[in-house]
Amino acid sequence: MPLKQLAPGEMTADDLRDWCSVLNDMTAADMPAEPRWRTDRLRDYLLGSLPDDRRYLFLDRDGDGDLVGHASLILFGGEQAGTGVVEMSTRPSARGKGVGTRLLRAVAECAQANGCRTLSVEVIATTPAVGFYDRHGFARAVVEQRHLLRWAEIDWEKIEHAAGRLAAGYRLEYHAGGVPDRLLDSYAEVKANLRSSTGDVAFVPEWRGSAYAPALRDSFAVLAERGMRSHIAVAVAEPYGQVVGLTELVVSAQRPTRADQYDTVVAPGHRSYGLAMSMKARLLTELRRAEPQLVDVQTWTLETADDVRWINAELGFAHDVDWYDYEADVDKLLERLARRA
Ligand SMILES: CC(C)(COP(=O)(O)OP(=O)(O)OC[C@H]1O[C@@H](n2cnc3c(N)ncnc32)[C@H](O)[C@@H]1OP(=O)(O)O)[C@@H](O)C(=O)NCCC(=O)NCCS
């Protein structure tokens with residue numbers, strides 16, 4: 001059976017089961033300590049996307065109908081139009097036979113046909129994917145350090161203490177699933193500090209979040225549709241009640257023992273009061289009640305982000321592996337792939 005491109009809604013129950021089994025074989029081979037995937041809400045996970053984004057899936061089955069590899073391509077719309085993100089896996093027993101290259105070609109052709117000029121991919125530094133993307137001429141755009149906090153090793157006394165220590169004039173709020181409308185505008189303003197254009201120290205390269213209130217509401221809704229539960233702590237300044245700091249974390253139905261901590265940012269005028277530490281600690285105390293099944297929390301920082309790294313270390317996060325953001329120009333990638341054919 002040839003390589004097949006399909007819309008997420010066309011995935012059958014068998015496709016979903018096979019998709020999950022490739023992910024778990026890949027995890028066992030490349031990252032055995034990482035949590036395994038479940039099929040719970042996997043269809044929703046693959047189906048959900050922001051209104052302006054589109055997602056394409058690719059399945060490669062061998063002559064016996066066994067799934068040997070798969071890929072997902074998200075083409076961003078709106079402000080990030082022209083860029084896309086790819087994720088792909090070859091079943092370890094089928095590696096080195098050109099499956100990955102075939103998938104990459106199909107992905108790049110689809111990207112080009114839809115006006116996408118740049119593809120990016122996140123790769124864990126210790127896995128064979130590094131050799132693959134180097135071989136295909138992707139350039140390493142950013143190196144991030146992954147930090148892991150193991151639930152069983154958390155010093156709860158220290159965390160409770162940090163969560164309760166708050167500078168005068170502020171209060172913390174915890175919200176699950178999104179933020180209330182009364183906070184949305186100021187929340188979006190604080191998020192804008194993560195953008196490169198502000199020249200801010202909290203700038204996150206490759207940041208694809210939204211700093212616009214209606215789009216933020218959409219993104220929380222899409223997370224929920226995809227089976228991803230968001231947990232948020234905000235620092236609110238008295239007396240006006242506006243958000244001046246935030247930290248966000250997601251637990252997905254497909255890997256419920258693992259939490260992903262994404263954006264943490266404090267508005268410039270409110271830094272150096274310990275707000276980030278208090279928010280992150282408060283979020284952990286809330287998670288203890290809300291997600292008792294958690295085994296670990298992962299987060300990513302740049303080597304240069306000393307302040308965030310210090311806070312994470314205080315909370316018990318430890319650096320274990322680097323992640324690379326690779327990028328390729330779609331036209332050039334296709335030219336290189338054509339020369340190989
Ligand atoms: C990356 C991956 C998809 C490659 O799949 P694959 O089917 O083995 O790839 P191919 O057989 O098409 O290999 C293509 C080229 O990459 C090279 N390559 C593949 N793995 C390599 C490695 N570990 N080291 C060096 N080169 C490697 C191959 O030698 C080949 O080059 P050649 O044709 O000039 O000999 C596969 O290793 C995988 O599933 N990894 C885990 C998933 C993952 O981490 N994905 C990245 C995030 S999306």
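Ligands are counted one by one from 1 in listed order, and the atoms in each one are counted from 1 as well.
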Salt-bridged, [X] to [Y], with N to O below 4.0 Å?
X    : Y    : value
D331 : R336 : no
R258 : E34  : yes
R309 : E314 : no
E189 : K191 : no
R229 : E291 : yes
R91  : D66  : no
R41  : E225 : no
K4   : D60  : no
R146 : D320 : yes
D134 : R140 : yes

Side chain, backbone, both or neither: which part of [X] comes within less than 4.0 Å of ligand 1 when only heavy atoms are counted?
X    : answer
V121 : side chain
K97  : backbone
V130 : neither
M26  : side chain

List the closest protein heavy-atom neighbour of [atom]: residue, atom name, distance to the nearest 0.1 Å.
atom                    : answer
atom 13 (O) of ligand 1 : F132 CD1, 3.7 Å
atom 22 (C) of ligand 1 : P128 O, 3.6 Å
atom 11 (O) of ligand 1 : G98 N, 2.8 Å
atom 41 (C) of ligand 1 : D30 OD2, 3.1 Å
atom 17 (C) of ligand 1 : R135 CG, 4.0 Å
atom 45 (N) of ligand 1 : M88 O, 3.0 Å

Distance-only N or O hit between ligand 1 and [X], under 3.5 Å:
X    : answer
T101 : yes
A94  : no
S89  : no
E122 : no
E87  : no
Y133 : no

* Asked: With a 4.0 Å cut-off on heavy atoms, is R91 touching ligand 1?
  -> no
* To do: Have a look at Q261 and tell me which of L149, V250, N312, V297 forms a side-chain contact (heavy atoms from CB on, under 4.5 Å) with it.
  => V297
* Asked: With L73, which of L103, L119, N114, L57 fulfils side-chain contact (heavy atoms from CB on, under 4.5 Å)?
  -> L119
Selection from [options] by shortest heavy-atom distance to [atom]:
atom                    : options              : value
atom 25 (C) of ligand 1 : G96, A129, G131, S72 : G131
atom 5 (O) of ligand 1  : T90, L103, V99       : T90
atom 32 (P) of ligand 1 : R102, R340, R95      : R340

* atom 29 (O) of ligand 1 within contact range, any protein heavy atom under 4.0 Å -> no
* Cluster overlap L47 with M11, hydrophobic side-chain contacts below 4.5 Å -> no
